[in-house]
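All remarks here apply to the structure that follows.
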Amino acid sequence: MPGLPTRTTSPTRTTAERAMRPDKPRRYGPIGLALMAAAAGLWAAWTSGIDLATVLRGPETLLRILRMMLLPPDVSAAPAAFAGMIESLQIAWIGTLLGAAVSLPIGLLAAKNVGGRFSTTVARQVLNLLRSLPELVLAILFVSIIGLGPLAGALAIGLGSIGTLGKLTAEVVEGIDRGPIEAAEAVGASRVQVLRWGVLPQAMPEIIAFWLYRFEINVRASAILGLVGAGGIGGMLANYLSYRRYGSAGMAILIVIAVTIAIDAVSSRIRRRIIAGPQGSRTGPDPVPAADAL
Amino acid sequence: MTSDVAPRTARTRPQRPARSWKAPVGVLLFLAITWWAGSDRFGVGFSLPDLLANLERGQRIVSELADPRWQAWRSLIDPFIETLRIAILAALLGCSAALVAALGASRVSAPGLRSYLASKGVLNVVRAIPDLLYAMVFVAVFSIGPLAGIVALILFNIGVVGKLTSETVDGIDPGPVEAAQAAGAGHAQVVRTAIVPAVLPNYIAYSLYAFELNLRASLVVGFVGAGGIGQLLQVALSAFRYDVVALVVLFIFAVVFVVESFSIALRRRLV
Amino acid sequence: MIRFRDTTVVYPGDVRALDQVSLAISPGELVVVVGLSGAGKSTLIRTINGLVRPTSGRVEVDGREVGTATKRELRAIRADIGMIFQNFNLVKRTSVLNNVLMGRLHQVPGWRTVLGLYPADDVEAAMRSLERVEIVEKAYVRASNLSGGQQQRVGIARALAQEPKVILADEPVASLDPPTSHVVMRDLQRINRDLGITTIVNLHFLDLARAYGDRIIGLRDGRVVFDGPGSAADEQVFEDIYGRSLTADDVLEAKAEL
């Protein structure tokens, strides 16, 4: 067993020039962040006026309600709930398509390597504004403008998707390889031709993957919009819950969960294939990036 | 003349590869679904002329929205402080639980196949339920008030942060993991020394993002009675006071904007 | 003492990475393993610390059988074997010191590593191994801020921090430029001489192999085709190992001139 390595055996440097051990640097950043989080948490818990007894009673009540919901779920509510969920899927589909169609040109304009300086700034601001509107608020507005029904939901989902989709489109386009654009310009292509043959072939797989990902998110969103009368399963659910028809609500929730998970599975498989190609691996991380995608 | 370019030793040109049947079928399927979902009879009833006609009706609402009722700002303060409490507590508790769930739900860091499948399944189910549905259920459990909002957003945060973090863990460089194993580290040690440091900056960024999402979601969950500024929104809407609605929405924009700028600056230093 | 007895490794898809290899490596030797990529060099090294298990045959380290060791036994065996990687395998987002402390994991109780509270003795050992590779001044720098050569020296320090009996180096200079390659090889040679740690290095370049290998083992298609002192390995021997005539790519210095 060799001994511990010791500094005296190092032959290549003299004592004078041997490096000194550095002092341990003090890093206040992470500690500060943790303290801030803890202080905020304590303040919030202290002033919330929530009493512990209510919290502790929670699990019991939750279990009771869950039992009423699931043991057994009200199977007679299944056909209506399923029809509602189908309507939610339709809302999500049309909404995503509308969002995708509008976001593509805006996103291209917002990309620095495609749009001009002025159009980039304007397009980005438009996208930022759209991104901060919650779908529910949009749905309320559309319901009051065009009346109750799934179309209001689809429009709300569409408008709500433009912001994130446009932003991600711009990011993807900005990240592409400049070479093919140069090559297209070198053969004398017009701006539109450069877009079509230099930019889109590189960016499209990612952009379509984002559309699909957004569709997954929109399925969740469309399942709740019914609450404000914008169609889909949400209105039914809200009614069941407020009239304490827990068995029917349980059935509807089960259908929401099952359909959402099924859609996620299919969609993430397609996304993976789009990004990696047919030969691409089936394992590995989901090719969905940026937290902002949500 | 094109023949000038052709090589001397003429080889047979390859046949154009037979097109796969999959692409046209996919396009047809896509069009069929779109027609079905958009049609008046089976779907949402999408028609552009009707839409334009309807939009005119909305002018009154839009004009009211364009003129927010600024003098009502005092009524925002108390609900906003409640929203802040909800968002902070939910983010702290939800994101802590999400880290554990995420480490269990990645094949790289899970201690075994069983806990991997369990964590992954739990995360999938938690994520499949929309935030508003959580809010409705917990309003039924805890009755109206901020507690329902907190618990709803905790679950929402577990879903979002858990998924993003577990995908980050899936994508880390396997080299350091192998190095730790080669040094004789046990599973917990591998996770702590080779995996957590690699994903920590992302995890913190996701948690900040979850806090932002909570502020935004406060409009939504408050709507069903789960406390905070959303309850104010609901009251204004049911009274058709679109000028107050505009004020509330603009206020939340401003808050989200401030928090977002702060967290972008922080994220840049972290990652 | 490391002993291979008829060791065979077959990967899925019927790829025979090692084919009936029998070898003995004595304590304190500096062995260089050469061969084309795919000849089984990495597999040979990884069977020694059990990152790859043999399909048949035995691998013994100091009388302990690696191939059939339980998880717990394997961790104990690995604790005595340091490993150095082609791509350094550092956790880039944490400090150099934390990376080197990874070498102490087997000694430190689990709860301490989870909290990041390493005992002072272990920090001392980590510091001393950083001093040995002359990079201690970077102890609190993020690993991502170091050059390739510096990162590889941190990798060596991490192996040294284990106070190992054996060091395995898998293509340690393949990602480095020629001058840095010599610095790293000299570090390894010095550690082998000064501390008497058995050192096994995978290399591709024959001039590096001849300059630093006391003993050279040539692998071709998973079989040992040469085993002898570095001085006996002339160009003819390398042509036999590579199964083709030598090219400029096989020599580090020639590559440097390109």
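So you know, we letter chains A, B, ... as the sequences are listed, proteins then strands, and number each from 1.
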Tell me, side chain or backbone of [X] under 4.5 Å from chain B's heavy atoms, or both, or neither?
X: C:N49; value: side chain
X: C:R158; value: side chain
X: C:L90; value: backbone
X: C:M102; value: both

Keeping the roles fixed (side chain from C:R75, backbone from B:G184), state whether a donor-acceptor pair exists under 3.5 Å.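 Such a contact is found between C:R75 side chain and B:G184 backbone.
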Is the backbone of B:A185 close enough, under 3.5 Å, to the side chain of C:H106 for a donor and an acceptor to pair up by distance?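 Not confirmed, C:H106 side chain does not pair with B:A185 backbone.
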Report the option among B:P197, B:A182, B:P174 that has the most heavy-atom pairs separated by less than 4.5 Å from atoms of chain C.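 It is B:A182.
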Work out which heavy atom in B:A183 is nearest to a heavy atom in C:G103; give both atom names and the distance.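 So the minimum-distance heavy-atom pair works out to CB-CA, 4.3 Å.
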Heavy atoms only: give me the nearest C:V108-B:Q189 pair and the separation to one decimal. O-NE2, 3.1 Å
Between B:T193 and C:L105, is there a side-chain heavy-atom distance shorter than 4.5 Å?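 Result yes, sub-4.5 Å side-chain heavy-atom pair found.
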Would you indicate whether the side-chain heavy atoms of B:E178 and C:R46 approach each other to under 4.5 Å? yes
Report, as yes or no, whether the 6.0 Å neighbourhood of atom OH on C:Y11 holds more than 12 heavy atoms from other residues, nucleotides or ligands. yes
Rounded to the nearest 0.5 Å, what separation is found between the CG atom of B:D173 and the CG atom of C:N89?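 Going from CG on B:D173 over to CG on C:N89, the span is 6.0 Å.
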